[in-house]
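The block underneath contains the structure these notes are about, expressed in structure tokens.
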Protein chains: 2
Amino acid sequence: MSDTILFDYWRSSASYRVRIVLNLKRIAYRAVPTDLLTRQQKAPDYVARNPQGLVPMLHIDGQDLTQSLAIIDYLDATRPEPRLIPADPVARAATLARAMVIIADIHPVNNLRMLHYLKNEMGQDQAAVDAWYRHWIAEGFAALELMAPENGLFGCDAPDLTDVCLVPQVANARRFELDMAPYPRLTRIDAALQAIPAFAAAHPERVKPA
Amino acid sequence: MSDTILFDYWRSSASYRVRIVLNLKRIAYRAVPTDLLTRQQKAPDYVARNPQGLVPMLHIDGQDLTQSLAIIDYLDATRPEPRLIPADPVARAATLARAMVIIADIHPVNNLRMLHYLKNEMGQDQAAVDAWYRHWIAEGFAALELMAPENGLFGCDAPDLTDVCLVPQVANARRFELDMAPYPRLTRIDAALQAIPAFAAAHPERVKPA
């Protein structure tokens with residue numbers, strides 16, 4: 001049994017990113033399912049380790065790491081094969097800027113917490129909440145499509161951080177029935193990535209508790 | 001005249017972070033005010049350089065850099081004095097995790113774009129929009145208070161990335177009249193940081209166009 005433990009929720013796209021990276025880097029780990037719907041992430045013993053009460057949290061090398069970007073950056077520094085964020089500062093800045101379109105400008109806005117707030121505190125109906133969800137993906141994807149390469153992956157021949165973030169975000173887009181036709185490059189890259197075993201094995205349906 | 005150009009909006013807290021970092025690292029730059037209220041960030045020549053149509057964008061070393069985290073990471077790699085993100089992987093992961101509470105989980109949710117959407121598309125009144133704004137700061141600050149040191153700054157003796165993100169976020173909290181009493185550590189750190197000239201000179205009121 002591995003000492004590396006991922007506190008995971010099958011449908012969390014931030015968890016999905018970390019699962020992909022653990023698979024790409026062939027890091028053995030044990031998953032502890034943390035059910036957001038029954039608020040297991042707010043249990044006192046979990047919050048003592050992760051004050052935000054969010055997933056994912058990765059226990060590795062004796063540390064509790066939180067925030068998917070911080071976790072992936074740590075894994076890239078300590079297990080650099082394959083490299084997901086380039087070392088060269090200019091290439092690194094470009095990769096981070098693309099990934100942050102998803103990490104900062106799409107995903108947090110569409111988090112379960114926001115959707116609950118829109119419904120419960122603001123009295124929005126499901127159709128309005130779904131429209132909100134699609135709107136922010138569409139706005140982010142429109143920019144990311146312009147930043148995407150004409151051929152190959154974001155990481156060119158091998159996946160990089162943006163590719164790792166793209167697949168979970170496209171899965172969310174499809175779940176909310178966003179029309180992907182305006183994003184042919186993102187659609188092509190997503191399809192190519194899904195064919196990679198490390199990505200396929202991290203898919204929510206593959207890790208969903210029975 | 002410097003070749004380093006910051007496309008800036010005085011009230012953008014992501015721009016405010018980058019102004020603080022440029023000051024801390026004593027990097028000479030020219031600011032180009034980019035008025036979000038008149039949508040200058042959506043002008044075709046700007047969007048050609050920054051497909052997201054957001055501020056800040058930093059032109060430096062012949063590159064157009066976007067996303068405040070990517071910009072700060074680049075400056076830290078190429079101008080490491082003073083260092084804002086530790087090089088040691090464990091310390092680096094902890095710093096990034098704290099900073100991402102603000103960068104990903106508070107700030108994007110409260111962006112001007114979201115506030116406009118809540119008002120114009122969802123028909124929420126100003127009081128409801130203000131409550132939304134305060135809610136997400138309060139939730140993030142509650143976690144960050146638990147992650148804050150009992151003494152000193154987030155960066156201990158000298159500011160780090162989280163300190164750089166904290167001051168603009170506290171400024172926003174005050175503007176929306178969030179009660180800061182539940183966050184004594186954040187309040188103490190913010191006050192200490194505001195006394196540092198590099199932070200003071202970056203304050204929105206100091207860079208607001210006449």
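Protein chains get the first letters and strands the later ones, always in sequence-line order, with residue 1 at the start of each. No hydrogens, no waters, no symmetry mates; every other heavy atom, side chains included, goes into these values.
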Between [options], which shows the greatest number of heavy-atom pairs under 4.5 Å with chain B?
options                      : result
A/A104, A/A99, A/A94, A/G123 : A/A104
A/V47, A/L146, A/I72, A/V90  : A/V90
A/V101, A/L65, A/V109        : A/V101

What distance separates [X] [atom1] from [Y] [atom2], expressed to the nearest 0.5 Å?
X      : Y      : atom1 : atom2 : answer
A/L58  : A/L75  : CG    : CG    : 6.0 Å
B/L144 : B/C165 : CG    : SG    : 9.5 Å
B/I103 : A/I103 : CD1   : CD1   : 10.5 Å

Are there donor-acceptor pairs under 3.5 Å across chain A and chain B? List atom names and distances.
residue : atom : partner : partner atom : Å
A/Q52   : NE2  : B/D105  : OD2          : 3.1
A/Q67   : NE2  : B/D105  : OD2          : 2.9
A/D73   : OD2  : B/R92   : NE           : 2.7
A/R92   : NE   : B/D73   : OD2          : 2.7
A/D105  : OD2  : B/Q52   : NE2          : 3.1
A/D105  : OD2  : B/Q67   : NE2          : 2.9
A/R113  : NH1  : B/E139  : OE2          : 2.8
A/M122  : O    : B/Q124  : NE2          : 3.1
A/Q124  : NE2  : B/M122  : O            : 3.1
A/E139  : OE2  : B/R113  : NH1          : 2.8

May I ask you to test the [X]-[Y] pair for a side-chain heavy-atom distance under 4.5 Å?
X      : Y     : answer
B/L161 : B/V21 : no
A/P168 : A/I20 : yes
B/L69  : A/L69 : yes
A/P56  : A/F7  : no
A/V18  : A/L6  : yes

*By a 4.5 Å heavy-atom criterion (distance strictly below it), what part of B/A131 contacts chain A: side chain, backbone, both, or neither?*
both
_So for B/L54, is it side chain, backbone, both, or neither that comes closer than 4.5 Å to the heavy atoms of chain A?_
side chain
*If you look at every heavy atom in A/I189 and A/G152, which pair is closest and at what distance?*
CG1-O, 3.5 Å
_Largest heavy-atom contact set with chain A, pairs under 4.5 Å, which of B/A93, B/A77, B/G140_ = B/A93
